[in-house]
Amino acid sequence: MTRDVLITISGIQLADGDSNEVEMITAGDYFQKNGSHYILYDEVMEGQNDIIKNTIKIRPEGLDIIKRGSSSVHMTFEKDKKNLSCYATPFGEMMIGINTNDILIAEDEDSLKVRVSYSLDINYQHVSECNINLDIHSKSTASIHL
């Protein structure tokens with residue numbers, strides 16, 4: 001895969017019979033190091049001017065999502081494990097619990113796809129069942145369908 005990539009992140013959050021879907025498409029950088037895939041991209045939060053630096057590290061046993069900026073967190077997803085982390089936001093801190101149910105990683109020459117299913121706790125209270133889909137493509141081979 002080339003260094004310049006197009007990243008599609010989509011997800012669904014199911015809580016109390018309601019569902020919330022989100023999708024984001026952005027450009028980023030990709031590289032491989034010590035058997036892990038790294039995806040780097042910047043994110044601007046709605047209503048704020050600050051840029052959040054994001055790093056996604058995909059490894060055979062799971063993935064990490066690291067955010068640095070006005071909001072910061074290091075979330076770890078490992079199948080059949082619960083991981084806790086502190087999510088710092090401009091509005092205060094929350095304890096995030098992630099219990100990963102399933103992770104699927106599909107790697108091709110010019111793309112990388114990751115599907116994660118997990119339960120989300122906030123401050124030790126179950127909040128929702130979630131799915132994240134990551135679709136990373138070399139810019140030269142990516143096609144966007146709106």
**Report entry** N-O pairing of R115 and D102 below 4.0 Å
**Finding:** no
Query raised in the report: Is the closest side-chain heavy-atom distance between I7 and Y30 below 4.5 Å?
Result: no
**Report entry** Check: L63 and V116 side chains under 4.5 Å, non-hydrogen atoms
**Finding:** yes
Query raised in the report: Is there a side-chain contact between N83 and K81, using heavy atoms and a 4.5 Å cut-off?
Result: yes
Query raised in the report: Should H37 and E107 be marked as a side chain to side chain contact (heavy atoms under 4.5 Å, CB included) after you check the CA-CA gap, both sets of side-chain angles, and the distance that decides it?
Result: CA-CA 10 Å; H37 303 274; E107 186 180 347; 3.2 Å; yes
Query raised in the report: Can you tell if the side chain of L40 reaches within under 4.5 Å of the side chain of N54, non-hydrogen atoms only?
Result: no
Query - Polar side chain donor-acceptor pair, S128 to Q13, under 3.5 angstrom - result: yes
Requested in this report: Mind running side chain to side chain contact (heavy atoms under 4.5 Å, CB included) on H74 and K57 for me, showing each step along the way?
Outcome: CA-CA 11 Å; H74 182 151; K57 178 182 178 183; over 6 Å; no
Report task. Mind checking the NZ-CD1 spacing from K113 to I58? Nearest 0.5 Å is all I need. Result -> 13.0 Å
Requested in this report: Test L6 against I136 for side chain to side chain contact (heavy atoms under 4.5 Å, CB included), laying out the working first.
Outcome: CA-CA 6 Å; L6 200 58; I136 298 100; over 6 Å; no
Report task. Examine distances only and state if a side-chain atom of T76 and a backbone atom of D64 form a donor-acceptor pair shorter than 3.5 Å. Result -> no
Report summary line: One should read off an interatomic distance between L134 CG and I132 CD1, to the nearest 0.5 angstrom, of 6.5 Å
**Report entry** D42 (side chain) donor-acceptor with I51 (main chain) under 3.5 angstrom
**Finding:** no
Query - Pairs flagged by salt bridge (Lys or Arg N to Asp or Glu O under 4.0 Å) wherever residues 19-36 is involved - sequence neighbours left out - result: none
Query raised in the report: Below 4.5 Å, heavy atoms only, C-beta onward: do L84 and I96 meet side chain to side chain?
Result: no
Report task. For S138 and S140, indicate whether the former's side chain and the latter's backbone hold a donor-acceptor pair under 3.5 Å. Result -> no
Report summary line: Here the pair of heavy atoms bringing S19 nearest to L14 is CB-CD2, 3.4 Å
Report task. Find out if a path of hydrophobic residues (ILVMFWY) with successive side-chain heavy-atom gaps under 4.5 Å connects I98 to I66. Result -> no
Report task. Please list, chain by chain and in numerical order, all residues satisfying salt bridge (Lys or Arg N to Asp or Glu O under 4.0 Å) with D110, sequence neighbours excluded. Result -> none
Report summary line: Tightest non-hydrogen contact, residues T89 and S71, listed as CA-OG, 3.9 Å
Query - Same apolar cluster: M24 and L120, side chain cutoff 4.5 Å - result: yes
Query raised in the report: So do V73 and M94 actually touch side chain to side chain, heavy atoms under 4.5 Å?
Result: no
**Report entry** pair E93-Y87: side-chain heavy atoms closer than 4.5 Å
**Finding:** no
Report summary line: Smallest heavy-atom separation, S85 atom then M95 atom, equals O-SD, 3.3 Å
Query raised in the report: Considering all heavy atoms of both residues, which atom of S72 and which atom of R68 are nearest to each other, and what is their separation?
Result: CB-CA, 4.2 Å
Report task. State plainly whether the residues E78 and R59 are in salt-bridge range, i.e. N to O under 4.0 Å. Result -> yes
Requested in this report: For the residue pair F77 and Y118, categorise the inter-ring angle as parallel (less than 30°), tilted (30 to 60°) or perpendicular (more than 60°).
Outcome: perpendicular
Report summary line: Looking only at heavy atoms, the pair that brings N101 and D80 closest together is O-OD1, 4.0 Å
Query raised in the report: Would a hydrophobic clustering, with Ile, Leu, Val, Met, Phe, Trp and Tyr connected at side-chain separations under 4.5 Å, put I56 with I52?
Result: no
Requested in this report: Name all residues meeting the salt bridge (Lys or Arg N to Asp or Glu O under 4.0 Å) criterion together with E43; count only those two or more places apart in sequence or in a different chain, and write none if there are none.
Outcome: K67
Requested in this report: Quick one: pull up CG in L112 and CG in D135 and give me the separation to the nearest 0.5 Å.
Outcome: 9.0 Å
Query - Heavy-atom side-chain contact between V5 and Y41 under 4.5 Å - result: no
Report task. Working to the nearest 0.5 Å, report the span between CG of N99 and NE2 of H126. Result -> 9.5 Å
